[in-house]
Amino acid sequence: MTNRIITFREAINEGMRLEMRRDPTVILMGEDVAGGAATHLEEANDEAWGGDLGVTKGLVREFGRKRVMDTPISESAFIGAAVGAASTGLRPIAELMFVGFLGVCLDQIYNQGGKLRYMFGGKAKVPMVIRTLIGAGFRAAAQHSQCLYSVFAHLPGLKAVVPSTPYNAKGLLAAAVRDDNPVIYFEHIAMLDNTGEVPEGEYVVPLGKAEIARPGKDATVVAIGRMRGFALQAAEELAKGGIDIEVVDPQSIVPLDEDAILSSVKKTHRLVVVDEDNPVCSMASEIVSLAAREAFGYLDAAPKMVTAPNTPVPFSPPLEDDYIPSPAKIAAAVKAVVS
Amino acid sequence: MTNRIITFREAINEGMRLEMRRDPTVILMGEDVAGGAATHLEEANDEAWGGDLGVTKGLVREFGRKRVMDTPISESAFIGAAVGAASTGLRPIAELMFVGFLGVCLDQIYNQGGKLRYMFGGKAKVPMVIRTLIGAGFRAAAQHSQCLYSVFAHLPGLKAVVPSTPYNAKGLLAAAVRDDNPVIYFEHIAMLDNTGEVPEGEYVVPLGKAEIARPGKDATVVAIGRMRGFALQAAEELAKGGIDIEVVDPQSIVPLDEDAILSSVKKTHRLVVVDEDNPVCSMASEIVSLAAREAFGYLDAAPKMVTAPNTPVPFSPPLEDDYIPSPAKIAAAVKAVVS
Amino acid sequence: MAEISKDKLLWIYERMRLIRDFENQAAALFAAGKIPGFVHLYAGEEAIAVGLCAHLTDRDFITSTHRGHGHCIAKGVDLNPMTAELFGKATGSCKGKGGSMHIADVDKGMLGANGIVGAGGPLACGSGLMAKVKGTDQVTICFFGDGASEQGTMHEAMNLASIWKLPVIFVCENNGYAQSTPAHYHASVKDIADRATAYSMPGFTVDGTDLFAVYEAAGEAVARARRGEGPTLLECKSFRYYGHFEGDNLSYKTVEEKAKYEERDAIRKFRERITERGLVSAAELDAIDAKSAQVVKEAAAFAEASPYPALSEILTDVYADA
Amino acid sequence: MAEISKDKLLWIYERMRLIRDFENQAAALFAAGKIPGFVHLYAGEEAIAVGLCAHLTDRDFITSTHRGHGHCIAKGVDLNPMTAELFGKATGSCKGKGGSMHIADVDKGMLGANGIVGAGGPLACGSGLMAKVKGTDQVTICFFGDGASEQGTMHEAMNLASIWKLPVIFVCENNGYAQSTPAHYHASVKDIADRATAYSMPGFTVDGTDLFAVYEAAGEAVARARRGEGPTLLECKSFRYYGHFEGDNLSYKTVEEKAKYEERDAIRKFRERITERGLVSAAELDAIDAKSAQVVKEAAAFAEASPYPALSEILTDVYADA
Ligand SMILES: Cc1ncc(C[n+]2csc(CCOP(=O)(O)OP(=O)(O)O)c2C)c(N)n1
Ligand SMILES: Cc1ncc(C[n+]2csc(CCOP(=O)(O)OP(=O)(O)O)c2C)c(N)n1
Ligand SMILES: [Mg+2]
Ligand SMILES: [Mg+2]
């Protein structure tokens with residue numbers, strides 16, 4: 001069974017299912033996560049939604065409506081309730097349907113969830129997970145296609161992970177649920193149908209550990225989330241031209257595995273950061289800044305960033321396609337830094 | 001009268017007063033900006049509040065309650081109302097008492113105000129200003145002492161200014177009101193009583209233009225807001241030891257005057273960025289990243305950042321004092337980059 | 001029954017018909033892969049948008065929702081750019097940058113569909129405030145769903161509009177569901193309009209499939225707003241024929257529930273009523289039907305034939321030049 | 001008048017007295033420059049916190065506001081660490097990191113003062129949800145101000161608590177003002193408790209300076225919550241003796257208004273009532289007075305003598321070790 005291939009969506013679902021089996025204090029809430037149907041049709045409706053994209057589908061059947069709760073469109077209330085519940089003994093998973101909705105509930109996330117422990121002098125813990133959709137490519141336009149994880153990375157007290165494969169999606173979910181801090185878990189909408197090998201049982205991909213997705217010697221390409229796959233595609237193209245890149249996938253952005261990134265840069269002497277988020281005050285800038293400050297003497301060329309432009313996400317399909325960093329743009333940036 | 005010395009607070013107040021005289025579509029709203037009193041005591045109460053720190057004091061007497069409006073504690077509603085009013089013909093100034101409250105109203109700021117124009121294909125404009133308090137040093141603890149402007153800088157569609165002297169406070173306010181975009185105007189709580197020379201009439205300090213606060217040749221110190229003064233203090237100390245720094249004050253962080261920063265770096269070959277905001281995905285990282293990408297060949301040493309630590313703001317006075325970047329820390333960083 | 005001129009009756013019928021035809025066509029175009037992204041259809045709720053907007057002029061404003069096509073059409077937005085916008089074409093109302101969820105026409109007073117549930121409440125206070133500060137008699141209608149009523153922004157907006165006596169009409173389009181979640185689960189009151197007392201404003205619940213009921217209640221609310229007497233909360237109970245968005249399996253609705261829809265159909269009821277009373281002839285309405293079918297088809301052809309925006313458009317319209 | 005045991009009466013008197021003494025001392029310490037930052041005093045509102053918390057045990061929870069000292073004391077938080085926290089000392093409830101606006105004692109069920117108006121509503125739903133999921137009979141009281149009632153979070157929280165039947169009591173402390181803004185301006189209803197109908201929960205407005213009125217209404221609401229019957233909205237009308245924060249010029253209050261405060265004083269009224277009825281003796285209360293004065297003084301001395309935290313504390317407590 002080690003070769004079992006499942007989707008990203010299934011991997012997240014399984015990750016939640018196993019954690020909920022393991023620990024009865026893990027609960028799940030969000031808009032339509034139980035699918036509404038359960039409230040007025042028979043409980044065992046197989047067709048019930050599991051969130052907009054079916055990620056939580058079926059969990060209400062196994063765990064019941066006491067542990068899998070539909071919520072009103074009241075993000076402040078239910079995410080704040082997750083904070084309150086976490087600090088008094090549960091380990092809630094709250095689904096913020098799209099990260100673009102952070103603007104209606106950020107206070108409960110960053111000023112409450114992210115700071116209670118510090119403000120209380122360490123006398124509280126807030127073990128909770130916020131799962132949320134990110135990413136362009138779904139023709140969902142400016143308010144439903146953002147990444148925005150750089151905003152969360154700026155705010156102390158929160159942890160943040162951006163899974164990039166079904167395998168790490170499941171393992172990072174387990175790590176996030178078991179962590180005693182608020183962890184924001186970013187699911188890329190355009191990756192949910194991607195497939196990959198995922199073991200059946202429980203396992204943890206630890207927070208704060210990068211993965212070398214591809215070893216290489218000519219340049220370091222740090223690629224976050226969906227960009228990992230694009231960087232690997234670029235790597236194949238580049239390899240044909242004799243350029244051998246190392247692809248580093250941070251997996252967690254908070255805490256960030258600075259050592260892994262710096263070691264790679266010190267080895268390859270060149271850096272390209274690939275990130276779908278907007279560029280200013282972003283993780284991409286952060287990683288470039290890190291390398292400039294901590295590996296300055298090792299850099300043989302100016303580092304480069306391949307990111308979305310500094311604009312909202314346009315709706316029109318050709319515009320949106322061009323908005324997203326592509327393997328071709330990554331390859332071009334690598335060629336520029338190695339030349 | 002050219003030598004008139006007034007406070008930062010007075011400069012902002014005067015900036016608003018002149019803009020409101022000039023343009024009847026400029027209105028002001030926020031919690032206690034008219035001071036409540038006007039609603040049930042005589043209209044001409046000299047003692048009425050003008051916001052928590054008196055910045056809007058007296059404006060209701062000149063312009064009346066139709067143009068200077070107290071609001072309920074409903075930041076989403078009144079900041080959203082500013083967006084709606086701006087896109088239909090007014091030029092509102094809304095006061096968000098502390099930037100730490102962004103979490104209850106960010107959607108109206110970034111997803112509405114910052115994006116309407118783009119989402120509507122350029123067929124709307126949103127000329128409005130959000131004034132808000134930033135900064136530590138007031139013993140106001142974790143939720144009332146933040147900078148957070150890096151979050152706004154990350155979000156396309158917003159402009160952002162961080163005045164650093166009474167002079168540019170007044171001129172940037174005028175520029176912000178006259179701009180056809182949402183501009184966030186950050187007032188540092190610990191600077192309101194600072195004094196400086198301010199001309200009496202109208203003038204504009206343009207958005208997107210940095211100021212060389214002190215020319216120098218040995219290192220570039222980019223210092224934002226309150227940090228400008230600290231950098232200038234450090235400069236005097238350093239000058240005694242023969243180190244001559246150039247202090248660049250961006251004034252606007254969006255748009256950022258990249259040319260001014262890069263020219264200075266290309267001249268001095270060394271860079272220190274000083275910023276009171278938290279360090280990760282910050283303006284400080286952004287400016288280091290900019291220099292690393294665009295002036296790599298000119299840098300003779302690893303750039304450095306002097307920022308707040310990556311933690312919430314502690315309440316305890318000695319802790320808070322140590323939390324804030326100081327002239328001494330700036331001087332130490334400069335010494336490290338020039339050595 | 002409110003007295004409505006024949007011209008107005010024909011206008012109302014035409015707008016409702018256009019909305020229905022537009023939405024049915026959009027469903028087909030989505031199924032055919034021509035309209036990308038999230039598409040939320042308004043079919044079934046036509047009497048609400050039209051009954052309200054019948055009292056407005058181009059100088060008045062509306063704020064809308066993710067389910068905004070009906071509001072656009074009721075407010076008089078042209079169907080060609082609307083359809084082109086759904087396709088993401090350069091000729092769209094928003095040059096293709098917004099799509100269905102951000103369709104807007106500020107010149108017509110349509111302040112935008114909105115991807116954020118409840119976001120229209122504060123914006124509506126803004127256009128209301130503008131009218132008040134400038135001393136005009138322009139009114140703003142804020143459309144929002146039953147689900148949106150649980151969003152904090154709506155509470156804040158209704159309180160603000162009440163204390164400032166803003167000329168805003170809050171119209172809750174209660175179609176019984178927020179996505180798959182039924183209103184009887186997510187709302188702590190049976191009638192959302194009962195919350196009007198929490199803001200000391202008049203509140204009414206009407207049958208949102210009965211054009212006349214909507215029109216009459218709307219007329220009072222709009223007149224009150226124009227007189228400077230402040231906001232009203234008007235709840236219109238209705239249903240949607242389609243899923244929450246296209247692609248929705250509708251698993252959360254019972255067969256019995258869906259079976260009642262035809263009987264409650266707003267357009268059919270309106271047509272029957274005005275023809276039975278001899279206010280207009282069936283022939284006149286048939287002509288409108290034919291015209292409407294034609295207009296939406298032409299709009300689709302226009303959209304289809306239009307070019308996509310140039311890639312350089314990604315970078316424009318972020319900021320207005322100062 | 002609810003029947004209250006003598007022990008409870010004495011406890012109530014003691015807690016009210018402690019709050020008053022604590023706040024008067026805090027005002028003096030602030031004026032003397034010993035307490036930095038924003039300090040919001042609760043003097044005048046004692047009957048609310050105490051009348052409510054009299055029904056709780058340490059296992060129950062409260063969420064509080066920027067004006068949190070009274071809630072802490074009513075919930076049984078120790079005065080020494082409280083005072084040290086106001087000074088920013090290492091011995092403070094939060095090791096000096098929180099200060100007045102973030103004072104907390106999770107072990108005592110005090111889930112924190114809060115610098116963000118209205119933020120306690122959602123948090124209270126959380127501890128309420130915990131109790132419901134775990135099947136305990138713990139209740140949560142959410143204190144919030146009249147000004148907070150216009151914040152969207154409170155609307156969302158009350159709706160959520162209602163549909164989930166959470167064991168939460170929403171207590172609106174209506175002291176007539178949000179900073180300098182009077183409630184009759186910022187609120188669109190006269191009695192905030194009237195908004196309870198918007199959430200299908202019981203709502204009551206009581207005189208928040210009358211301990212017995214508060215105690216009785218609180219008893220019913222707490223019992224209802226413990227029985228699993230869901231939330232209640234209880235509005236307690238009161239006033240504050242001090243300004244919004246220390247340093248406030250109180251320019252927004254009339255002389256006549258302030259003149260009525262002594263007459264409405266909660267502690268004086270309570271004392272008169274229980275002594276007049278012979279439930280307790282003046283001597284017993286005098287002893288409490290003396291003890292209270294002593295306790296707060298000792299707390300100040302404790303705070304003063306305590307060290308500041310080490311600078312290395314800046315970096316700790318951001319994250320819990322996994
Ligand atoms: C703040 C926010 N939360 C959640 C969503 C996702 N969402 C889009 S529409 C919708 C349901 C809205 O229900 P309702 O207000 O009743 O409008 P209807 O779709 O029924 O017209 C939800 C949850 C969103 N767009 N914005
Ligand atoms: C979201 C938010 N907005 C504004 C403030 C600033 N502020 C602090 S207390 C306060 C007034 C609160 O009034 P009320 O709720 O009546 O409580 P009271 O002070 O009267 O006890 C305001 C506006 C804040 N802390 N948080
Ligand atoms: Mg609905
Ligand atoms: Mg109050």
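In what follows, every heavy atom counts, from backbone to side chain, and hydrogens, waters and symmetry copies are set aside. Keep in mind that what you see is a predicted model, and the values were worked out from it rather than measured. Proteins get letters first, then strands, A, B, ... in listed order; numbering begins at 1 in each.
- Atom NE2 of C:H102 sits about 8.0 Å away from atom CG of B:N111, to the nearest 0.5 Å.
- Among the candidates B:S76, B:C105, B:P72, the single residue satisfying the side-chain contact (heavy atoms from CB on, under 4.5 Å) test with C:E156 is B:S76.
- For B:V183, no part lies near chain C; criterion is any non-hydrogen pair under 4.5 Å.
- Taking B:G114, B:A77, B:A85 one by one and counting their heavy-atom pairs under 4.5 Å with chain C, the maximum is reached by B:A77.
- B:D180 places none of its side-chain heavy atoms less than 4.5 Å from the side chain of C:D321.
- In this structure, the portion of C:T316 lying under 4.5 Å from any heavy atom of chain B is its backbone and not its side chain.
- Note on B:E75, B:M69, B:R67, B:K125: by heavy-atom pairs under 4.5 Å with chain C, the leading option is B:M69.
- One finds the SG atom of C:C125 at 13.0 Å from the CD1 atom of B:I79 (value rounded to the nearest 0.5 Å).
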Next item on the list: Give the intermediate values and the outcome of side chain to side chain contact (heavy atoms under 4.5 Å, CB included) for residues C:M130 and B:T25.
Entry: CA-CA 9 Å; C:M130 182 282 297; B:T25 68; over 6 Å; no
Next item on the list: Let me see the working for B:K123 and C:V106 under side chain to side chain contact (heavy atoms under 4.5 Å, CB included), right down to the final yes or no.
Entry: CA-CA 7 Å; B:K123 294 177 188 163; C:V106 178; 5.6 Å; no
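- The main-chain N or O of C:K134 is never found under 3.5 Å from a side-chain atom of B:K66 such that the two would form a donor-acceptor pair.
- At least one side-chain heavy atom of B:M29 sits less than 4.5 Å from a side-chain heavy atom of C:L129.
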Next item on the list: Report the C-alpha distance between C:W164 and B:T71 in whole Å, list the side-chain angles of each, state the deciding distance to 0.1 Å, and finish with yes or no for side chain to side chain contact (heavy atoms under 4.5 Å, CB included).
Entry: CA-CA 9 Å; C:W164 284 355; B:T71 65; 3.9 Å; yes
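- Closest approach of C:A119 to B:D107, counting heavy atoms only: CB-OD2, 4.0 Å.
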Next item on the list: Start with the C-alpha distance between C:I314 and B:Y118, add both sets of side-chain angles, then the distance that settles side chain to side chain contact (heavy atoms under 4.5 Å, CB included), and finish with yes or no.
Entry: CA-CA 9 Å; C:I314 295 174; B:Y118 192 81; 4.0 Å; yes
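- Looking at C:D105, neither its backbone nor its side chain comes within 4.5 Å of chain B, counting heavy atoms on both sides.
- For C:N114, the part lying under 4.5 angstrom from a heavy atom of chain B is the side chain only.
- Proximity of a side-chain donor or acceptor of C:Y319 to a complementary backbone N or O of B:R117 within less than 3.5 Å is not detected.
- Checked by atom type and distance alone, the side chain of B:Q112 never pairs as donor or acceptor with a backbone atom of C:L123 at under 3.5 Å.
- For B:L158, the part sitting under 4.5 Å from any heavy atom of chain C is the backbone (N, CA, C, O) and nothing else.
- Taken from NZ in C:K97 to NZ in B:K115, the straight-line distance is 14.0 Å, to the nearest 0.5 Å.
- Across all their heavy atoms, B:F120 and C:G112 have their closest contact at CZ-CA, 3.7 Å.
- The shortest side-chain heavy-atom distance between B:T88 and C:Q138 does not fall under the 4.5 Å cut-off.
- Within the 4.5 angstrom heavy-atom criterion, no atom of C:L166 approaches chain B.
- By number of non-hydrogen pairs under 4.5 angstrom with chain B, the leading residue of C:L111, C:I116, C:T140, C:L160 is C:I116.
- Proximity to chain B is limited to the backbone of C:S93, based on heavy atoms less than 4.5 angstrom apart.
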